[in-house]
Amino acid sequence: MPELPEVECIRLSLAQKMLGARILGVVLHRADMLDGVMGTSRPDALLKGQQIVEFKRHGKQLALCTNSGRALIIRLGMSGQLFLTHDNDRASKHTHVHAVWRWQKKTRSGQLFFRDPRRFGGLQALPDRDELTAHFAQLGPDALTITRFQLAAALKGAHGPRRSPIKSLLLDQQRLAGVGNIYADEALFRAKIAPMRESGKLSAQDARTLATSIRAILSDAIQSGGSTIRDYVNGSGASGAFQQRHQVYGRAGEPCVRCNAVLKSTAIAQRTTVWCPACQPVVVE
DNA sequence: ACGTCTTCCTGGGCGC
DNA sequence: TGCGCCCAGGAAGACG
């Protein structure tokens, strides 16, 4: 999916055009993509008749908040897209569209499409803002503003130092919200920390460096419009450019940009992990 | 409670 | 060109 920077770029592009818009009608093509309808009608859950007052994001999750207090969470999974107009040049965009919202804002009107071929994403309806707050609170702190203290607390854990590799911890949305496979590798490279090092054995200085690296990588990526690997586009259909600045992701076997050593690929948490064995020492003196 | 592994899907890219 | 295989931006759920 879209990791935090891509979701943030989608959020910004949608907010620019749709903030204040009223939802005139909704079509849900696949009922199994929607959760949380219990106790309410499906159109209400999908925000029909309501006005969008805020687009919120926590980690990789986006929430559409309305004047009636309801919220609709959108998770994009691996292949999810949100876009405002059909691109007639690409017929594929017309397939796997699971939901369409028809909206109007003063004299402007349009449609918002939710497309997700792999269907790892989904929609979740929440009845009020407290539920949304509680829902987001189940996730770890947002990675874009992660502090060294928050990260150090996650490394330590509630019941002693964590044994899992630092990369696994970065991917765990309950510990830190927003980092996925691309930005985990990029942040660890920037911080010069090997992805397989035990989380609980990182020093306070490591935590500080890593927190700084995570924030820097994510905000740089947002500035570049996100990373387009296959088909990511923001709400307006624009691709990102950050993929051109990846230092390790997708570069296994190529030379390290810092030291020229050959980048290695290793599986950690069942995810392809690329790192520099020279810049990111496994054993630290 | 914790850490690891399987599984849910479709589609693009590659080798043959 | 076509087929089969492998891989992919995620994360819930099962298991030990």
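A note on names: the letters A, B, ... follow the listed sequences, proteins ahead of strands, and every chain is numbered from 1. Below, each value reflects all heavy atoms present in this structure, side chains not excepted, and no hydrogens, waters or symmetry copies.
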Inset, instruction - Determine the interatomic distance between P on B:dG3 and the same-named atom on C:dG9; round to the nearest Å. - result: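 22 Å, rounded to whole Å.
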Inset, instruction - Taking only heavy atoms on the protein side, list every residue of residues 137-160 of chain A lying under 4.0 Å from any atom of DNA chain C, sorted numerically. - result: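 DNA chain C contact set from residues 137-160 of chain A: none.
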Inset, instruction - Could you tell me whether A:Y183 contacts a base, only the sugar-phosphate backbone, or nothing, with contacts defined as non-hydrogen atoms closer than 4.0 Å? - result: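 Nothing: the residue A:Y183, judged by heavy atoms under 4.0 Å, touches no strand.
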Looking at the side chain of [X], which of [options] is the nearest nucleotide?
X: A:Q270; options: B:dC8, B:dT6, C:dG9; answer: B:dT6
X: A:D231; options: B:dC8, C:dG9, B:dG11; answer: C:dG9
X: A:M78; options: C:dG9, B:dC5, B:dT10; answer: C:dG9

Any side-chain N or O of [X] below 4.0 angstrom from OP1/OP2 of [N]?
X: A:T272; N: C:dA8; answer: yes
X: A:R118; N: C:dA8; answer: no
X: A:H96; N: B:dG11; answer: yes
X: A:R119; N: B:dT10; answer: yes
X: A:K60; N: C:dG10; answer: yes

Inset, instruction - Would you write the dot-bracket representation of DNA chain C, where each base gets (, ), [, ], | or . depending on whether it forms a Watson-Crick or G-U pair under 3.5 Å and with which partner? - result: .|||||||.|||||||
Inset, instruction - Report the relative orientation of the aromatic rings in A:Y183 and A:H246; use parallel for angles under 30°, tilted for 30 to 60°, perpendicular for over 60°. - result: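 Perpendicular, since the angle between the ring planes exceeds 60°.
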